[in-house]
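This report concerns only the one structure given below.
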Amino acid sequence: MRISVSSDMDEPVARLLVEELRGRGHDVLPHGALRPGDAPQWAACSEAAAREVASGAADQAVVCCWTGTGASIAANKVPGVRAALCTDAYTADGARRWNDANVLAIGLRLTSAPLLREILDAWFAAEASEDTEDRENVARVERLDLRAG
């Protein structure tokens, strides 16, 4: 899977994220502080990663900033992106399952190495629900993108 990854800071957890994704066999497309010469601001690098998902250049993205909030806000401004700020494995599972999230947002401040691995395990193990109500909710969110333009 091709995964865009952005971080506004070159922090140990951001480097571990790239290492973990590559170790799991994913092709990583780095942005921000993870790519020399790239714009490191959280809004810019999160947008770049999210646009790769929206365009189909990446299957999913993981966006990071100090709290994860700004990265998730910026990513969610890109039509076609459903970014979820996940602080634990249960939330990551639910975001993929019920919300069909295609961008994972991570906070650099509180995410430890073991917690990062748990979140990634849950994120990649979960699949989007086929439940009618869940699909209707995702479709409604997708229609919001059409109204925003």
Side-chain angles (χ1 to χ4, degrees), residues 1-9 11-35 42-43 45-148:
M1 187 180 308
R2 290 181 61 121
I3 302 179
S4 290
V5 177
S6 71
S7 181
D8 64 340
M9 297 164 38
E11 291 285 317
V13 73
R15 290 189 301 272
L16 177 61
L17 170 62
V18 170
E19 179 183 311
E20 276 290 317
L21 292 171
R22 287 184 175 144
R24 294 166 187 244
H26 301 295
D27 182 18
V28 175
L29 309 169
H31 295 281
L34 301 173
R35 188 167 89 186
W42 57 262
C45 63
S46 297
E47 176 191 0
R51 287 202 182 281
E52 286 185 336
V53 172
S55 73
D59 301 298
Q60 295 182 5
V62 183
V63 296
C64 306
C65 68
W66 192 240
T67 64
T69 305
S72 66
I73 291 170
N76 274 318
K77 294 295 183 179
V78 176
V81 167
R82 292 175 305 281
L85 174 56
C86 298
T87 57
D88 58 47
Y90 184 80
T91 305
D93 174 77
R96 288 285 303 129
R97 187 174 316 280
W98 300 312
N99 311 127
D100 195 10
N102 52 12
V103 174
L104 169 63
I106 297 282
L108 298 170
R109 179 176 176 266
L110 296 178
T111 307
S112 66
L115 181 57
L116 175 66
R117 289 183 186 103
E118 290 173 10
I119 290 169
L120 292 175
D121 287 346
W123 181 267
F124 291 117
E127 294 183 16
S129 170
E130 293 301 322
D131 178 79
T132 301
E133 184 176 336
D134 293 335
R135 297 312 314 156
E136 287 173 357
N137 275 309
V138 171
R140 183 179 186 99
V141 170
E142 289 172 342
R143 288 191 302 273
L144 291 173
D145 286 338
L146 301 174
R147 291 186 214 148

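The model shown is predicted, which means the values in this text are computed figures rather than measured ones. The first residue of the sequence shown is numbered 1, and numbering continues consecutively from there.
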Are Glu20 and Arg24 close enough, and set up right, to give a salt bridge (Lys or Arg N to Asp or Glu O under 4.0 Å), and what steps lead you there?
CA-CA 6 Å; Glu20 276 290 317; Arg24 294 166 187 244; 3.3 Å; yes
Are the side chains of [X] and [Y] in touch, meaning some heavy atoms are under 4.5 Å apart?
X     : Y      : result
Leu21 : Met1   : no
Ile3  : Phe124 : yes
Gln60 : Arg96  : yes
Leu17 : Cys64  : yes
Arg82 : Asp145 : no

Would you please test Leu104 and Leu120 for side-chain contact (heavy atoms from CB on, under 4.5 Å) and show each step?
CA-CA 9 Å; Leu104 169 63; Leu120 292 175; 4.0 Å; yes
So, the side chain of Asn102 versus the backbone of Gly80: is there a donor-acceptor pair under 3.5 Å, distance only?
yes
Arg15 atom CZ, over 12 foreign heavy atoms within 6.0 Å:
yes
Determine the sole option in Leu16, Thr87, Leu116 for which the side chain to side chain contact (heavy atoms under 4.5 Å, CB included) test with Thr111 is passed.
Leu116
Quick check for you: to the nearest 0.5 Å, what is the distance between Glu133 atom CD and Trp98 atom CH2?
12.0 Å
CD/Glu47 to CD1/Ile73 distance, rounded to the nearest 0.5 angstrom?
14.0 Å
